[in-house]
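Structure, as structure tokens:
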Amino acid sequence: MKKTALCIDIGTTSLKAAVISAEGKQTAFAQSSFSNPDDRFISLEWIRALSDCIAKTGDAIDSVEAVSISGNGPTVVTENGSTVLWNAEQNPAFPMQNTCNSLFLPKIIMLRGLYPHDFETSSTIFSGPEFLIWQLTGTRITILPEGRYENAYWTKELLELNNIEPAKLPAFGKIGDCYGKVIFAENKNSHISKFPNLAKLEGLPVYGAGPDFIAAMIGTGCTETGALCDCAGSSEGFNLCIPLPYKDERIRLLPSVTPGLWNAAVMIPESGRLLFNYKNKLEKETGRSWAYPQLIDYCFDNSDSEGSRILEKLLINSENALSILKDIAAKTGTSFPGHMFVAGGQAKNKRWMEAKESRLDIKLEVSSIPDAELLGDWKAANERKN
């Protein structure tokens with residue numbers, strides 16, 4: 001029987017949460033921004049943000065039967081919360097041996113270099129969303145999207161080559177597994193007891209959907225050959241599901257969550273961050289807060305503004321990304337679709353969607369839950385296929 005779930009996604013600049021019913025309908029949504037997204041201990045603010053979101057969901061939280069979590073990656077965290085985010089620039093001061101195609105090892109090595117005491121005294125190094133799972137349940141785990149992802153995470157041989165004790169990295173688990181129940185009062189390693197709102201989750205089973213981009217792939221259904229989606233948050237990724245591992249320096253190639261298929265992605269790393277920074281700048285200049293729909297309107301209506309130039313840059317980047325994926329589709333014998341699923345905050349802004357659809361000359365589609373990561377979380381808790 002399907003469950004009503006509190007679905008949680010840890011972003012780079014905010015945490016989002018939604019209550020999604022057993023029928024897959026969103027009954028409550030909340031978002032809490034981080035005061036300083038680049039703070040060394042940002043992972044501890046995830047807990048505060050989750051508490052805020054629980055308060056904002058009101059009575060809807062009372063219907064929740066399970067919790068499901070995804071988050072930005074490859075982010076890595078020590079037990080005391082020292083964090084290196086997925087988008088941290090690699091520091092040449094921290095040498096690496098061969099890391100092959102690992103996305104996580106460079107961040108693990110940077111974590112060790114930046115915070116050596118915390119690294120050495122931490123018995124476990126967590127990936128981002130799994131840190132929150134550990135805080136809630138006491139379970140130490142790494143969620144592997146699919147078996148072929150092991151090299152994108154780490155292997156025992158690569159860890160030893162870089163003088164990292166393999167035992168520091170938790171064992172791999174699967175998307176959709178239950179990783180224990182929320183322990184509020186008696187979890188001695190946890191910070192959650194500082195936030196009484198989290199007591200409302202006591203005893204609920206906790207599931208994991210892994211990295212946010214995987215949760216978004218699941219949420220948009222971009223798991224079949226020829227499926228295309230555009231997922232935007234602090235960064236943006238255009239993704240095409242292809243039938244074979246075609247290598248091209250213009251794309252990031254990773255396995256699909258569907259065995260035998262692959263995901264070709266064109267990344268725009270600072271897409272959302274550009275608007276986030278401009279929003280902060282405008283708020284300081286005007287002395288008032290700006291909601292994103294107001295910000296987009298302002299950018300469109302003021303063609304000589306910095307914001308207008310940012311939107312134009314994003315549209316050009318989107319055109320280039322789509323052009324690359326059309327080329328990849330042709331070279332892999334993949335039929336290129338006439339529509340693209342769009343997810344994230346951009347999907348909630350009608351004016352931006354209209355401009356993007358016109359510029360890209362492709363039909364844009366949005367699911368009933370625009371934050372596809374949250375829908376992916378719900379599916380992870382309810383649609384696990386053994």
Reported [atom1]-to-[atom2] distance for the pair [X] and [Y], which is rounded to 0.5 angstrom:
| X | Y | atom1 | atom2 | answer |
| --- | --- | --- | --- | --- |
| Asn162 | Ile108 | CG | CD1 | 9.0 Å |
| Leu228 | Phe238 | CG | CZ | 8.0 Å |
| Leu254 | Glu146 | CG | CD | 11.0 Å |
| Glu45 | Ile10 | CD | CD1 | 12.0 Å |
| Lys16 | Glu373 | NZ | CD | 4.0 Å |

Quiz prompt | Aromatic ring pairing Trp46/Phe131, orientation class (parallel under 30°, perpendicular over 60°, tilted between) | solution = perpendicular

Quiz item: What is the ring orientation for Trp290 with Tyr298, classed by angle as parallel under 30°, tilted 30 to 60°, or perpendicular over 60°?
Solution: perpendicular

Might you confirm whether atom [atom1] of [X] has over 12 heavy atoms from other residues, nucleotides or ligands at distances under 6.0 Å?
| X | atom1 | value |
| --- | --- | --- |
| Asn101 | CG | no |
| Asp361 | CG | no |
| Lys181 | NZ | no |
| Lys313 | NZ | no |
| Asp62 | CG | yes |
| Glu224 | CD | no |

Would a 4.5 Å heavy-atom cut-off, applied to side chains only, mark [X] and [Y] as touching?
| X | Y | value |
| --- | --- | --- |
| Phe184 | Ile192 | yes |
| Ile109 | Ile164 | yes |
| Asp377 | Leu6 | no |
| Thr83 | Phe126 | no |

Quiz prompt | side-chain hydrogen bond (donor to acceptor under 3.5 Å, both in side chains) evaluation trace for Asp212 with Ser70 | solution = CA-CA 5 Å; Asp212 51 3; Ser70 61; over 6 Å; no

Practice problem: Indicate whether any N or O donor in one side chain lies under 3.5 Å from an N or O acceptor in the other, for Asp118 and Asn80. | Solution: yes

Practice problem: Given side-chain hydrogen bond (donor to acceptor under 3.5 Å, both in side chains), test Glu79 with Ser123 step by step and report yes or no. | Solution: CA-CA 8 Å; Glu79 288 176 340; Ser123 60; 2.5 Å; yes

Exercise. Look at the side chain of Ser63 and the backbone N and O of Ala60, then say whether any donor-acceptor pair between them is shorter than 3.5 Å.
Key: yes

